[in-house]
Amino acid sequence: MASSPATPSFSMFPRFLSFAYGVLIIFSSFCHCRRLQDSSPQGLTLDSVRDFLTREEDTIVFSLIERAKYPYDSPTYDPSYLHGKLSPVELFVRETEAVQAKAGRYQNPEEIPFFPNNLPLSLVPPYKFPQVLYPAAASVNVTKTIWNLYFNDLLLLFTTKGNDGNYALTAASDLVCLQALSRRINYGRFVAEAKYRDAPQDYDPAIRAQDKDALMKLLTSESQEEVVKRRVEKKAMVFGQDITLGKNYTCDSNGNRTNYKVDPSVLYRLYGDWVIPLTKLVEAEYLLHRLD
Ligand SMILES: O=C(O)C(=O)C[C@]1(C(=O)O)C=C[C@@H](O)C=C1
């Protein structure tokens, strides 16, 4: 029996709907990709990367304040304590990084593990983080230096002597400090990329000559460094003071409070001697590969 003229167009309707839906999906994902492509180059400016570094200061200051709740707790750093090759802190960091890798932490190019070998794959669906770094330079990092610096020098400057048995808590606090420092310092890759995009003509000759000293000079802003050191010292004063309802805090002869949880001068020194120089080193090493 011949079908009525209305029947074929009715049966086409679901196919038309799925076709329209398909077009809509393709169009919306195209718009999404365009947004990512559009936003990344414009979003990466010297102001935006400096905003990121400023916000990271809060995380660093708070993480040191948290670690300072516990004494040094030397068994945390002693491999013989576990009768093996790893100290409790190294065991803690390796195991935590494995869990965080599964949860997708290292999909974000801002995050770099301390022990990248043999990490499990992420179990979460990939997220399209904007890829703003130059691929040949993106893997530059100084995590090993940060690790050694933290345990050999920094920790002793802001923890009290002693042992209260809280080794898991000290190791957990150490990892938060390490991750905050690493994120800040290795963000030098993004700072360098922003500076390079601003004025490639200034950097290209030094990159071609592989002249690290010249790059260091170009990257340095002494006035900005002073602002950063003073601000982080002030944050240590504000975040690390005891909050009381009465005026029962201790003061020095100038009337300044003295009972901070982490000595603000340690923060000034940490930034002046290590954080800023290492960030600059990352910036320079990144740029050395910017034309590879
Ligand atoms: O803000 C910049 O221009 C940076 O490169 C960052 C930074 C820093 O680590 O805080 C590093 C080098 C400059 O001399 C000033 C500051």
Side-chain angles (χ1 to χ4, degrees), residues 40 43-44 48-64 67 86-87 89-155 171-196 212 215 219 228 270-271 274-290 292:
S40 46
L44 194 76
S48 75
V49 293
R50 281 185 176 165
D51 283 349
F52 180 95
L53 297 182
T54 306
R55 184 65 181 84
E56 283 304 297
E57 290 163 8
D58 303 359
T59 313
I60 290 173
V61 174
F62 277 121
S63 68
L64 298 194
R67 176 60 185 84
L86 299 186
S87 61
V89 74
E90 187 170 335
L91 177 77
F92 187 91
V93 172
R94 284 179 182 272
E95 298 282 331
T96 308
E97 287 193 336
V99 172
Q100 295 192 342
K102 284 189 194 170
R105 180 173 188 136
Y106 305 111
Q107 286 184 15
N108 183 340
E110 288 164 12
E111 300 289 333
I112 302 176
F114 285 91
F115 298 101
N117 294 337
N118 305 321
L119 276 183
L121 294 176
S122 168
L123 301 179
V124 301
Y127 180 84
K128 272 193 175 246
F129 286 99
Q131 299 300 315
V132 296
L133 296 177
Y134 188 70
S139 63
V140 164
N141 72 77
V142 290
T143 45
K144 279 200 178 74
T145 311
I146 295 168
W147 179 272
N148 292 331
L149 169 92
Y150 180 80
F151 293 113
N152 297 339
D153 300 293
L154 179 58
L155 202 46
S173 305
D174 286 329
L175 178 56
V176 176
C177 294
L178 283 163
Q179 286 176 328
L181 287 166
S182 171
R183 193 165 42 245
R184 195 287 179 196
I185 292 168
N186 289 312
Y187 199 76
R189 295 167 300 153
F190 293 81
V191 181
E193 181 63 28
K195 289 184 174 179
Y196 181 79
K212 196 161 149 185
L215 285 173
L219 292 163
V228 171
L270 167 67
Y271 265 69
W274 296 308
V275 172
I276 294 175
L278 282 174
T279 306
K280 277 201 289 196
L281 180 66
V282 170
E283 290 182 38
E285 293 285 347
Y286 177 90
L287 288 181
L288 286 173
H289 295 285
R290 187 56 180 74
D292 287 3

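No experiment lies behind these values; they were computed from the predicted model shown.
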Can you confirm if the aromatic rings of F190 and F52 lie within a centre distance of less than 6.0 Å? no
Between L154 and L181, is the side-chain contact (heavy atoms from CB on, under 4.5 Å) condition met? List the steps. CA-CA 11 Å; L154 179 58; L181 287 166; 3.9 Å; yes
**Request:** Give the intermediate values and the outcome of side-chain contact (heavy atoms from CB on, under 4.5 Å) for residues I146 and N186.
**Result:** CA-CA 10 Å; I146 295 168; N186 289 312; 4.1 Å; yes
Please name all residues satisfying side-chain contact (heavy atoms from CB on, under 4.5 Å) with A101, sequence neighbours left out, ordered by chain then number.
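side-chain contact (heavy atoms from CB on, under 4.5 Å) check on A101 returns Y106, L119, P120.
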Minimum heavy-atom separation for [X] to [Y], with atom names?
X    : Y    : result
F114 : E97  : N-OE2, 2.6 Å
G43  : S48  : O-OG, 2.7 Å
L219 : E283 : CD2-OE1, 3.3 Å

Nearest 0.5 Å, please: how far is [atom2] in [Y] from [atom1] in [X]?
X    : Y    : atom1 : atom2 : value
F62  : C177 : CZ    : SG    : 13.0 Å
L288 : E285 : CG    : CD    : 5.5 Å
I112 : R183 : CD1   : CZ    : 11.0 Å
S122 : R105 : OG    : CZ    : 13.0 Å
L64  : Y150 : CG    : OH    : 7.0 Å
L287 : K212 : CG    : NZ    : 12.0 Å

Is there a side-chain contact between [X] and [Y] (heavy atoms, below 4.5 Å)?
X    : Y    : answer
K102 : L121 : no
L53  : V228 : no
Q107 : V124 : yes
V93  : W147 : yes
Y187 : T279 : no
L133 : Y286 : yes

Could you tell me whether the side chains of E95 and Q100 share a donor-acceptor contact shorter than 3.5 Å? no
*Please lay out, stage by stage, how W274 and I185 fare under the test side-chain contact (heavy atoms from CB on, under 4.5 Å).*
CA-CA 9 Å; W274 296 308; I185 292 168; over 6 Å; no
Check: Quick check: does any side chain N or O of T96 sit under 3.5 Å from a backbone N or O of F92, one acting as donor and the other as acceptor?
Finding: yes
### Audit row: Y127, N108, side-chain contact (heavy atoms from CB on, under 4.5 Å) steps and yes/no
CA-CA 8 Å; Y127 180 84; N108 183 340; over 6 Å; no
Residue N118 excluded, over 12 heavy atoms near CG under 6.0 Å:
no
salt_bridge(E193, R189) N-O dist < 4.0 Å:
no
_Please determine whether a side-chain nitrogen of the Lys or Arg among E57 and R184 lies less than 4.0 Å from a carboxylate oxygen of the Asp or Glu._
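Looking at E57 and R184, the cut-off is not met.
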Note to self: Suppose the criterion is side-chain hydrogen bond (donor to acceptor under 3.5 Å, both in side chains): which pairs have a residue in residues 132-141, not counting sequence neighbours?
What the structure shows: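 side-chain hydrogen bond (donor to acceptor under 3.5 Å, both in side chains) check on residues 132-141 returns N141-T143.
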